[in-house]
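The block underneath contains the structure these notes are about, expressed in structure tokens.
Both backbone and side-chain heavy atoms feed into the values below; hydrogens, waters and symmetry mates do not. Start at 1 and go down the list; that is how both ligands and their atoms are numbered.
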Amino acid sequence: MILTIDVGNTRIKGAVFEDATSLEFFVFDHKQLEKEILKILKKYPKVLYLVVASVGVLEKQAFLAFEKQVQIHFISHQDIFPFTNLYETPHTLGIDRMVLAAGATLQFPKRNRLVIDAGTCITYDFVDENDNYRGGAISPGLRLRYESLHAFTAKLPLLIVEDVDQLIGTSTSGSIHSGVINGLVHEIDGFIDEYQGLASNFIIILTGGDTEFLAKRLKNTIFANSNFLLESLNQTFQYKIDND
Ligand SMILES: Nc1ncnc2c1ncn2[C@@H]1O[C@H](COP(=O)(O)OP(=O)(O)OP(=O)(O)O)[C@@H](O)[C@H]1O
Ligand SMILES: CC(C)(CO)[C@@H](O)C(=O)NCCC(=O)O
Ligand SMILES: [K+]
């Protein structure tokens, strides 16, 4: 059994896997790390490996407390990945993006893949049908857009995302919701359209904390799976074991 942990910029997510099957998913705050992991390990004593992907908020040291119970693998740029990395600065590419690219490569062979992770930031990652990682884009995530409108203006209130579907904002809050939600939806649909114009045979994968909210608003057909990063982490680790 494997416990995969995704340390994002906002939250920590985890999942226990028995081979390719996920048994349970967890979400918790950075402050709860030690307590929550101990709880999971107690519930699943068969977990042998703890596999961590961190965007940098936590380093390897944060996990050393579990070393007596499990073998820890901290995913890094030195690991073996199933794609050729054509990023001009491969050492600065986010570990989460590498894991997503690996998952897309392994799960969707011989396709052009675009992975869109709607988390704290929105990331776009393109792995072509020859398994070359080509790069993508980084833009502000849904919550970050609301927060930055408030943080960098005198008058705009801090709003949280609401299930509103309004083009013409008729109040301050309506205008903010329209700008943030429609802006992001158009951004994502626009990216998908442009990528699909570059090549055929595309699979578009949407993941991250805002998956459900966004999936139903997009005009394009996508494969939506909010657990894609954790599943990819499990696959990346299996791939490493099989190919090292
Ligand atoms: N309880 C929550 N706390 C924070 N964000 C949440 C919560 N529930 C849903 N979200 C949404 O999820 C988004 C953040 O996504 P996610 O949790 O995947 O980010 P993350 O932990 O920073 O991961 P990553 O760094 O991989 O993007 C926010 O834009 C927010 O709208
Ligand atoms: C863009 C984020 C913050 C998304 O989680 C992460 O992947 C990251 O810190 N990336 C480093 C920069 C890059 O990927 O080029
Ligand atoms: K993200």
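Rounded to 10 degrees, the OD2-metal-O angle spanning D117 and C121 at the K ion (ligand 3) equals 130°.
Although no hydrogens or angles enter the test, the distance criterion places no donor-acceptor pair under 3.5 Å between the side chain of R134 and the main chain of L86. A distance-only check finds a donor-acceptor pair linking the side chain of T4 to the backbone of A15 [under 3.5 Å].
Side-chain polar atoms of H177 and N182 form no donor-acceptor pair below 3.5 angstrom.
Side-chain contact between I181 and R217: present, with at least one pair of heavy atoms (C-beta onward) separated by less than 4.5 Å. Within the 4.5 Å cutoff, the side chain of Q71 has no heavy atoms near those of the L48 side chain.
When only interatomic distances are considered, the shortest N/O to N/O separation between D96 and ligand 2 falls below 3.5 Å. Taking any N or O of G94, backbone or side chain, at least one lies under 3.5 Å from an N or O belonging to ligand 2.
Atom 11 (C) of ligand 2 has as its closest protein heavy atom T92 O, 3.2 Å. Among all protein heavy atoms, the one lying closest to atom 9 (O) of ligand 2 is V55 O, 4.4 Å.
Heavy-atom proximity to atom 14 (O) of ligand 2, evaluated over R97, E88, H91, is greatest for R97.
Cluster note: I80 groups with L106, Y239 through ILVMFWY side-chain heavy atoms spaced under 4.5 Å, whether in direct contact or through intervening members.
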List, for ligand 1, each N/O atom that has a protein N/O partner under 3.5 Å away, with both atom names and the distance.
residue  : atom   : partner : partner atom : Å
ligand 1 : 1 (N)  : R11     : NH1          : 3.4
ligand 1 : 17 (O) : R11     : NE           : 2.8
ligand 1 : 17 (O) : R11     : NH2          : 2.9
ligand 1 : 17 (O) : K13     : NZ           : 3.3
ligand 1 : 18 (O) : K13     : NZ           : 3.1
ligand 1 : 18 (O) : G209    : N            : 3.0
ligand 1 : 19 (O) : T120    : N            : 3.4
ligand 1 : 19 (O) : T120    : OG1          : 3.4
ligand 1 : 21 (O) : R11     : N            : 2.9
ligand 1 : 21 (O) : R11     : O            : 3.3
ligand 1 : 21 (O) : K13     : NZ           : 2.9
ligand 1 : 22 (O) : N9      : N            : 3.0
ligand 1 : 22 (O) : T10     : N            : 2.8
ligand 1 : 22 (O) : T10     : OG1          : 3.2
ligand 1 : 22 (O) : T120    : OG1          : 2.2
ligand 1 : 23 (O) : K13     : NZ           : 3.2
ligand 1 : 25 (O) : N9      : N            : 2.8
ligand 1 : 27 (O) : T120    : N            : 3.1
ligand 1 : 29 (O) : R143    : N            : 3.3
ligand 1 : 29 (O) : D210    : OD2          : 2.5
ligand 1 : 31 (O) : D210    : OD1          : 2.7
ligand 1 : 31 (O) : D210    : OD2          : 3.3

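Listed by chain and number, the residues in a ring-ring contact (aromatic ring centres under 6.0 Å, His included) with F66 amount to none (sequence neighbours excluded).
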Quiz: residues 109-124 side-chain donor-acceptor pairs under 3.5 angstrom, not counting sequence neighbours:
residue : atom : partner : partner atom : Å
R111    : NE   : N201    : O            : 3.4
R111    : NE   : N201    : OD1          : 2.9
R111    : NH2  : F202    : O            : 3.1
N112    : OD1  : E129    : N            : 3.0
N112    : ND2  : S200    : O            : 2.8
R113    : NE   : A104    : O            : 3.4
R113    : NE   : F108    : O            : 2.9
R113    : NE   : R111    : O            : 3.3
R113    : NH1  : R111    : O            : 3.2
R113    : NH1  : D128    : O            : 2.7
R113    : NH1  : D131    : OD1          : 2.9
R113    : NH2  : T105    : O            : 3.3
R113    : NH2  : F108    : O            : 3.0
R113    : NH2  : D131    : OD1          : 2.9
T120    : OG1  : T10     : OG1          : 2.5
Y124    : OH   : E187    : OE2          : 2.6

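If you look at N9 next to ligand 2, the close heavy atoms, those under 4.0 Å, all belong to the side chain.
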Start with the C-alpha gap between K39 and F26, add the side-chain angles, then the distance that decides, and say whether side-chain contact (heavy atoms from CB on, under 4.5 Å) holds. CA-CA 11 Å; K39 224 161 61 184; F26 308 88; over 6 Å; no
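Below 4.0 Å from some heavy atom of T123 lie the following atoms of ligand 2, by number and element: 1 (C), 4 (C). Close approach of ligand 2 to Y87 (heavy-atom distance below 4.0 Å) involves ligand atoms 13 (C), 14 (O), 15 (O).
Results of the side chain to side chain contact (heavy atoms under 4.5 Å, CB included) test with I5 over L58, I37, L233 single out I37 as the only residue that passes.
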